[in-house]
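Structure first, commentary second.
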2 protein chains.
Amino acid sequence: MSTVGFRQHDHTHCVHTALAQAEAKCKTRRLQFTPVRRRVLEILLEKHRAMGAYDILGILSAEGLGSQPPVAYRALDFLVQNGFVHRIEQLNAYAACAHPTHDHVPAFLICRSCKAVAETETELTQGRLGAAASTSGFQIERVVVEAEGLCPECVGELP
Amino acid sequence: MSTVGFRQHDHTHCVHTALAQAEAKCKTRRLQFTPVRRRVLEILLEKHRAMGAYDILGILSAEGLGSQPPVAYRALDFLVQNGFVHRIEQLNAYAACAHPTHDHVPAFLICRSCKAVAETETELTQGRLGAAASTSGFQIERVVVEAEGLCPECVGELP
DNA sequence: TTGAAAAATGTAATAACATATCATCTTGGA
DNA sequence: TCCAAGATGATATGTTATTACATTTTTCAA
Ligand SMILES: [Zn+2]
Ligand SMILES: [Zn+2]
Ligand SMILES: [Zn+2]
Ligand SMILES: [Zn+2]
């Protein structure tokens, strides 16, 4: 399954594929897939977990791609804006999108022990939240859904 | 309806009621409902909106109840831990619980224009998220559900 | 009642996360 | 070619949150 990413896998191939897809999408939309933007996405794809802006900045800095916070935040804003990366609100962190080929409402499973993050999908106006919104006349534009708990690896090893 | 709080109302009475309920609950559970904790909850009930820790600290400080960040964060941690207050992840802010009398999974509707916040409820493992969790063996302990959009007041007045 | 343990508070310092501003350079298109 | 929009460089600052340790207060059982 591609919906949940807790199992180990080799992803040198999928990093390449995702970068190529991102590049193509940018070309289509006439967006500039600049070196910093490309590298930030690549870092997030390679690490395959949520990373803070300053973690990413540290890597960029070591590579001579920029050392000040705006460098990282600008690249991340671009990637989030265009759906290549999601922001995880609970962690103040960022993760590469696992389903970049189609529009979706991301939802996350976040392990409180090992910090692994898996992305799945949800609906914009599911269940009671959607009902409450339409009852009150609230117009939902974006939904943050983030579940915290224990991943399969950690669930056996902790209280 | 009590589920959605976008309509105007007078709540001097409900502040008193909520404080009394909190006090009773603390007595039952043998928790210390100290002056700072009480006052922080009262502030959040009175303002009836999401507030940052430093907003609250400013008020506490003006009243001589403490001037350093840990004062506010400790009180907020206590109130969140015990279900009197919820943290709004998207806003890095806190709001008094609207349904303190029973256990629930809070969900929020957040107006991006006026910053009003309404609390409703949801299920711990709704829809696809729950399905993905059980498929992968992830054990959900807490869910953050926060919808961003336009409240009834603002939906007519903005693009 | 009293004394040890647990909980809460006071205080200082610092860490972590994020944005504002303005100058300069690059890119894409008329 | 030249302009305008977009991207980057660089400095400073703003905002949110935690660590650490000393002191006081509360709890609870001997
Ligand atoms: Zn995604
Ligand atoms: Zn784990
Ligand atoms: Zn609540
Ligand atoms: Zn509004």
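All values below come from the heavy atoms of this structure, side chains included, with hydrogens, waters and symmetry mates left out. Just so it is clear: chains get the letters A, B, ... in the order the sequence lines come, proteins before strands, and each one is counted from 1.
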Please determine, by modelled atom types, if B:E121 and B:H102 share a side-chain donor-acceptor pair under 3.5 angstrom. yes
Report, as yes or no, whether the 6.0 Å neighbourhood of atom NZ on A:K25 holds more than 12 heavy atoms from other residues, nucleotides or ligands. yes
Whole-Å distance separating the CD atom of B:Q90 from the C1' atom of C:dA18: 16 Å
Which sits closer to the 5' end of DNA chain C, B:V71 or A:A53, going by the nucleotide each is nearest to? B:V71
Are B:R112 and B:E148 within salt-bridge range, i.e. N to O under 4.0 Å? no
Given atom OH of A:Y94 and atom C1' of C:dA16, what is their separation to the nearest angstrom? 12 Å
5'-most contact on DNA chain D (nearest-nucleotide basis), A:L65 vs B:A93, goes to A:L65
Just the endpoints, please: which first and last nucleotides of DNA chain D, 5' to 3', lie under 4.0 Å from a heavy atom of chain A? D:dG6 to D:dT11
Atom-to-atom span, CG of B:L57 to P of C:dT11 - whole angstrom: 13 Å
For a quick check under 3.5 Å, do B:H104 and B:E123 share a side-chain donor-acceptor pair by atom type? no
Answer yes or no: does a side-chain N or O of B:N92 lie under 4.0 Å from OP1 or OP2 of C:dC17? no
Separation of C:dT9 P from B:R38 CZ (nearest whole Å): 14 Å
Between B:R39 and B:E46, does any side-chain N to carboxylate O distance fall below 4.0 Å? yes
Main-chain N/O of A:L57 paired with A:S61 side-chain donor or acceptor, under 3.5 Å: no
Per-nucleotide protein contact along nucleotides 19-30 of chain C, 5' to 3', at a 4.0 Å heavy-atom cut-off (B base, S sugar-phosphate only, - neither), is BBB-----S-S-
Ignoring hydrogens and angles, state whether a donor on the side chain of A:R142 or B:Q90 is under 3.5 Å from an acceptor on the partner side chain. yes
For the pair made of CD in A:E89 and P in C:dC17, what is the distance, rounded to whole Å? 13 Å
Between A:L41 and A:F33, is any pair of side-chain heavy atoms under 4.5 Å apart? yes
Is there a donor-acceptor pair under 3.5 Å between the side chain of A:E146 and the backbone N or O of A:E89? yes
Quick check for you: to the nearest 0.5 Å, what is the distance between B:D55 atom CG and B:L60 atom CG? 11.0 Å
Short side-chain to backbone donor-acceptor contact, A:N82 and A:F78, under 3.5 Å: yes
To the nearest Å, give me how far apart CG (A:D55) and P (C:dA18) are. 11 Å
State, to the nearest 10°, the angle formed by the axis through the first five base pairs of the helix from C:dT1-D:dA30 to C:dA30-D:dT1 and the axis through its last five. 30°
